[in-house]
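Hydrogens, waters and symmetry mates play no part in the numbers below; they use all other heavy atoms, side chains included.
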Amino acid sequence: MTHRKLLTLVLLFVCLFGLKAESSDTLKTQVYTYKIFREIGSTSWIHTQEAFAEAEEMNADVILLHMNTYGGQVVFADSIRTKILNSNIPVHVFIDNNAASAGALISIACDSIYMRPGANIGAATVVNQSGEKMPDKYQSYMRSTIRATAEAHGKDTIVTGKDTTYVWRRDPHIAEAMVDESIYIENVVDTGKILTFTTLEAIENGFCEGQANNIDDVLNQLKIYEYEITSFKPSFYDGLKGFLTSPILQGILILVIMGGIYFELQTPGVGFPLLAAAIAAVLYFSPLYIDGLADNWEIIIFIIGLVLIGLEVFVIPGFGVAGVSGIILVVGGLTLSLLDNDLFNFDGVGFNKLLEAMGIVLSGLFGSLLAIIYLSKKLLSSSTFGARIALQTEENVELGYIGVEASLSNLVGEEAVAFTSLRPSGKIMIDDEQYDAVAETGYIEKGTRVKVTRFLHGQLYVMTQK
């Protein structure tokens, strides 16, 4: 054999070996795993979006959720289950120990469910932070959601002799029994009990495809023997963003924003309340802006709203169009920043999402109102720390302090005419001279005859003549 022929055979062998090795790698199934080992919340939802995007980018063949959770917030569980149902990549779940409540909803959305011996799935009744059952309207929504999730998997066709029957892959009625204790299903659950399945019970009733001890067992039961696993690794920013976008924290940030602005208006020049409000605003809008939820125009209308409120307080007497418009713009800016919408385009923003955003904002505003009322009474009282940083001594004119024109006290008892509307502050006219005054009660319209009732802290007080 000539050297040329020998060289040709060697090259051919190398090419064939390389192609075989390459084809062997190519034939490996790309498996993407993602853990849900914590309470379902905003962080879980952000991690889910990141994981699915990464799985799609690497052209994964299978997504496998590794789950162990006691549940969490329904709104984020609903978002995750919708992501799973709409995924182009098959999604399977391995329940390591628990898939309770929100975890059950997510698991039922997956293409197949595998459970470790001794694991559980179910108990999806909606409860509050104290573990108390929520009103029926919340249960009704959860019943509908879990039923629709089970229905999404369709029915299997079973042919027995000449008879053809269609059986749900995941029975919606059984799924609903995980939420509603009033449902009775023979040999499955009695009335008055919320349904929770063990591994074997779930297999028997079609809510588990098999029993597995680990990820490798699950993949083998899926008939995947040659595979390469890539696991989701959340970044620090993902965790921080999940924390900052928690509805509870967002409500607290709104409380700090509004409370800080109010106390700064009441004590101008202090600076700390305004600084706290500014930091809270940055923490509120930053993650939403980076994610593309908060647009420039939404932040601008929030700022315009604050400016209008400031004008109403300091420039325009009373409380009218500017104040109302400012409040509407502030609430609108905070609410719209939570929604995935464009200017005048709300396609894809469901009514439930809108209600959720408004609920977060309004709860924060209501909380700030309660805090303002409470702190206004307590913060500067003599028994609090606030008393140490506020002036408590009154410089009364009667004691010899002259901070204003003392002759104004001589006007007490004089009759006057409201030169402007008093809402409650404004101007009055006495003998062709204008004076600042405050209405004792209610609003006093321009031109109304009034009487000066007292002079206190350099301020005239008036009331309508009867």
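- W45 CH2 to Q49 CD: the interatomic distance, rounded to the nearest 0.5 Å, is 4.0 Å.
- Across all non-hydrogen atoms, the minimal contact from G305 to V330 is C-CG2, 3.6 Å.
- In this structure a side-chain-to-backbone donor-acceptor pair under 3.5 Å is missing from S87 to K83.
- Although no hydrogens or angles enter the test, the distance criterion places no donor-acceptor pair under 3.5 Å between the side chain of N98 and the main chain of A100.
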Residues D216, Y227; criterion side chain to side chain donor-acceptor pair (under 3.5 Å); working and verdict: CA-CA 10 Å; D216 292 329; Y227 51 85; 2.6 Å; yes
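- Taking the six-membered ring where tryptophan is involved, the planes of F37 and H66 are perpendicular, since the angle between them exceeds 60° and thus also 30°.
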Can you check side-chain contact (heavy atoms from CB on, under 4.5 Å) on D190 and Y184, steps first, answer last? CA-CA 5 Å; D190 292 328; Y184 168 77; 3.7 Å; yes
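- Side chains of T145 and V74 form no contact here, defined as non-hydrogen atoms less than 4.5 Å apart.
- Taking both residues in full, the closest heavy atoms of A177 and V189 are given as CB-CG1, 4.1 Å, listed atom of the first, atom of the second, then distance.
- A distance of 10.5 Å separates CD1 of I80 from SG of C110, quoted to the nearest 0.5 Å.
- Here the straight-line distance linking atom CD of E57 with atom CG of N59 works out to 9.0 Å at 0.5 Å rounding.
- Residues L336 and W297 form a side-chain contact, since some pair of their non-hydrogen atoms from C-beta on lies under 4.5 Å apart.
- Other residues, nucleotides and ligands contribute only 12 or fewer heavy atoms inside 6.0 Å of the CG atom of N88.
- Residues satisfying the salt bridge (Lys or Arg N to Asp or Glu O under 4.0 Å) criterion with R38, sequence neighbours excluded, are absent altogether.
- A donor-acceptor pair under 3.5 Å is absent between the side-chain atoms of T157 and the main chain of Y166, judged by distance alone.
- Not counting sequence neighbours, the partners of E181 by the salt bridge (Lys or Arg N to Asp or Glu O under 4.0 Å) test are K133.
- Contact of the I106 side chain with the V93 side chain is not registered, since no non-hydrogen atoms from C-beta on lie closer than 4.5 Å.
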Kindly determine whether E176 and R147 satisfy salt bridge (charged side-chain N to carboxylate O under 4.0 Å, His left out), including the steps that lead there. CA-CA 6 Å; E176 192 175 357; R147 189 171 61 246; 3.2 Å; yes
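- Checked against the 6.0 Å centroid threshold, Y34 and H47 do not count as a close aromatic pair.
- The salt bridge (Lys or Arg N to Asp or Glu O under 4.0 Å) check on K193 picks up nothing, with sequence neighbours excluded.
- Listed by first and then second residue, the salt bridge (Lys or Arg N to Asp or Glu O under 4.0 Å) pairs involving residues 100-120 are D96-R116 (not counting sequence neighbours).
- Summarising the geometry of N120 relative to G118, their closest heavy-atom pair is ND2-O, 3.6 Å, with the distance given to 0.1 Å.
- Between the side chain of S144 and the main chain of S140, no donor-acceptor pair closer than 3.5 Å is present.
- Between the side chain of Q221 and the main chain of Q211, a donor-acceptor pair closer than 3.5 Å is present.
- Judged purely by atom type and a 3.5 angstrom limit, Q139 uses its side chain to pair as donor or acceptor with the backbone of V126.
- Listed by chain and number, the residues in a side chain to side chain contact (heavy atoms under 4.5 Å, CB included) with A202 are M115, I121, F197, F207, C208 (sequence neighbours excluded).
- Residues that satisfy the salt bridge (Lys or Arg N to Asp or Glu O under 4.0 Å) test with D217, not counting sequence neighbours, are absent from this structure.
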